[in-house]
Colleague: 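Pasting a structure here, questions to come.
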There are 2 protein chains.
Amino acid sequence: MRALTALSERSVPTVSSEELAAAAGVNSAKLRKDFSYLGSYGTRGVGYDVEYLVYQISRELGLTQDWPVVIVGIGNLGAALANYGGFASRGFRVAALIDADPAMAGKPVAGMPVQHTDELEKIIEENGVSIGVIATPAGAAQQVSERLIAAGVTSILNFAPTVLSVPDGVDVRKVDLSIELQILAFHEQRKAGEEAAAAAGSAGEPGTGAAESPAAPAASATATATATAAAAASGVRKGGPEGDVPAVMPA
Amino acid sequence: MRALTALSERSVPTVSSEELAAAAGVNSAKLRKDFSYLGSYGTRGVGYDVEYLVYQISRELGLTQDWPVVIVGIGNLGAALANYGGFASRGFRVAALIDADPAMAGKPVAGMPVQHTDELEKIIEENGVSIGVIATPAGAAQQVSERLIAAGVTSILNFAPTVLSVPDGVDVRKVDLSIELQILAFHEQRKAGEEAAAAAGSAGEPGTGAAESPAAPAASATATATATAAAAASGVRKGGPEGDVPAVMPA
DNA sequence: GACTGTGAATGCCTTCACAGCA
DNA sequence: TGCTGTGAAGGCATTCACAGTC
């Protein structure tokens, strides 16, 4: 979708699966197959009409609707989210900013007055909000989520470093900013390991250094490693830090 | 790892693959197989020693090292990141906060004085920083990334809404906060569609509503849908908003 | 001639199921 | 007896390759 939008902004009229796949970094066959599950939106010998495809995929992704959201917890992060331009351009409308601090009430943030938590239920109901963003401290998050849900919210984006427990039917996505750093650090470590291995000549143990446990047999790439294990190990090693984002943990 | 840490904090001495798998929301066989790629860290008949496993996995993930990071762009988001407690507890040390605004220089944010962009190279080199966080406006991001890389940074966490183009060997992860909301909205839409379908009786088209294109055949679940297509389509429909995060796009 | 749409082939990840060990 | 470690089976996503269409 992001690749398509870029093409649309450059007023490119049509695009082949090959071109679009290259722009998005995927295989063209996969792209065609995926599109085929949504419908037959291309023209043989020509390609896909960019605008038409943008529309169809937007519709399928739910981007043609306007989603009102509330942001609860207007600290640094909440304010950053309120000011974040990406929301409005993707069909999200910040219906209200809510904070528990009475001193915040009425203060303008991102051109919008902060409202007090007391108003939470009223705001949700009047605006038909079904998506809430929690940017409160960890301690408040669970309680806020319960109030949001009781008022009718069914999807929550949680920035607080807590696992929320919610009833069935409510979706939660947890954003843990440090996990992104951890993924970078993981690859950074591998880079260092590979350099060391390369410098030491291509003889010994690859990369990461074996477990120093005296009893436990060394992990990967010993003589006893099976074909499957070796393949999996090399799989871990291949590629950059793209993809591979850990799933949300269950409540 | 998150599940393990929780056990460790509760001083649970050992855990079976079955228990840990349940806590993490995965299959126990998968968990055992994954661990087997790292080494044989368990005891048959007993389970895994929690502390030992924490240590081994931490080491494998690169969490035993201390990673100095710099945050460039101290607006709302940069300040939020600087104040984010999760970094320190996961082995990341904020070595410096950097901003291009001379008025910011010297101001304390998260108990640390903001430094001016002029100092960027010096800071990176003196602290041996290899991971940089970009929280600048979109316009500045590419240039900042180039200076970071020239100074020795090889991993970048990019919050700016731009695709960075970087040389080989440099890893970039882009965090797009609106994508998380889009994923929630996608599932939210499906919920609405399923309710509507359920209300309309279980007869007609499922969920999302068919393409309104007059010529193109309707997408999923028509009489002509192959077994493969049907399986894939239902795959899209199953489960909550967990996992399935889009990969980083290529430069 | 060019490019889509898709059956068939491929390969990988996941899961099963059980031998092996404490 | 209980649980790990792992070969083998299974299932699913990806990719190939080409018939079909413009």
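Proteins get letters first, then strands, A, B, ... in listed order; numbering begins at 1 in each.
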Colleague: Atom CD of B/Gln56 and atom C1' of D/dG5: how far apart are they, to the nearest Å?
Modeller: 16 Å
Colleague: List, with names and distances, any nitrogen or oxygen atoms from the protein found under 3.5 Å away from nitrogen or oxygen atoms belonging to nucleotides 9-11 of chain D.
Modeller:
none

Colleague: Roughly how many Å is it from CD in B/Glu18 to C1' in C/dT15, rounded to a whole number?
Modeller: 12 Å
Colleague: If only side-chain N and O atoms of B/Asn27 are considered, is one of them under 4.0 Å from the OP1 or OP2 phosphate oxygen of C/dC13?
Modeller: no
Colleague: Just to verify, what does B/Ser8 make a side-chain hydrogen bond (donor to acceptor under 3.5 Å, both in side chains) with, not counting sequence neighbours?
Modeller: B/Glu51
Colleague: Rounded to whole angstroms, how far apart are CG on B/Leu31 and P on C/dT14?
Modeller: 12 Å
Colleague: For A/Asp168, enumerate each residue passing the side-chain hydrogen bond (donor to acceptor under 3.5 Å, both in side chains) test, keeping only those at least two apart in sequence or located in another chain.
Modeller: none
Colleague: Is the distance between the ring centroids of A/Tyr41 and A/Phe35 under 6.0 Å?
Modeller: no
Colleague: Using a 4.0 Å heavy-atom cut-off to protein, can you give one letter per nucleotide of nucleotides 17-22 of chain D, 5' to 3': B if the base is in contact, S if only the sugar-phosphate is, - if neither?
Modeller: B-BBBB
Colleague: D/dG5 C1' sits how many Å from B/Tyr41 OH, rounded?
Modeller: 14 Å
Colleague: Need one value for A/Tyr48: base, sugar-phosphate or nothing, where a base atom within 4.0 Å counts as base even if backbone is also close, heavy atoms only.
Modeller: sugar-phosphate
Colleague: I want to check one thing: is the phosphate of D/dT14, taken as OP1 and OP2, less than 4.0 Å away from some side-chain N or O of A/Lys30?
Modeller: yes
Colleague: A/Lys33 side chain: which of C/dG5, D/dT6, C/dG7 is closest?
Modeller: C/dG7
Colleague: Please state how far atom OH in A/Tyr52 lies from atom C1' in C/dT4, giving the value in whole angstrom units.
Modeller: 15 Å
Colleague: Who are the side-chain hydrogen bond (donor to acceptor under 3.5 Å, both in side chains) partners of B/Thr154, not counting sequence neighbours?
Modeller: A/Glu188
Colleague: Can you sort out the partners of A/Thr43 under side chain to side chain contact (heavy atoms under 4.5 Å, CB included), two or more places apart, ordered by chain and number?
Modeller: A/Val46
Colleague: A/Ala138: which residues meet the side chain to side chain contact (heavy atoms under 4.5 Å, CB included) condition with it, sequence neighbours left out?
Modeller: A/Pro161, A/Thr162
Colleague: Could you give the CZ-to-P distance, from A/Phe35 to C/dT4, as a whole number of Å?
Modeller: 10 Å
Colleague: Rounded to whole angstrom units, what separation is found between the CG atom of A/Leu53 and the P atom of C/dC3?
Modeller: 16 Å
Colleague: Quick one: B/Asp49 CG to C/dA22 P, roughly how many Å, whole number?
Modeller: 16 Å
Colleague: For the residue pair B/Phe159 and A/Leu177, establish whether any side-chain heavy-atom pair is separated by less than 4.5 Å.
Modeller: yes
Colleague: Please list, chain by chain and in numerical order, all residues satisfying side-chain hydrogen bond (donor to acceptor under 3.5 Å, both in side chains) with B/Asp34, sequence neighbours excluded.
Modeller: B/Lys30
Colleague: Using a 3.5 Å cut-off and no angle test, enumerate the donor-acceptor pairs between side-chain atoms of residues 13-25 of chain A and protein atoms at least two apart in sequence or in another chain.
Modeller:
unit_1, atom_1, unit_2, atom_2, d
A/Ser16, OG, A/Glu18, N, 3.4
A/Ser16, OG, A/Glu19, N, 3.1
A/Ser17, OG, A/Arg32, NH1, 3.0
A/Glu19, OE1, A/Ser16, N, 3.0

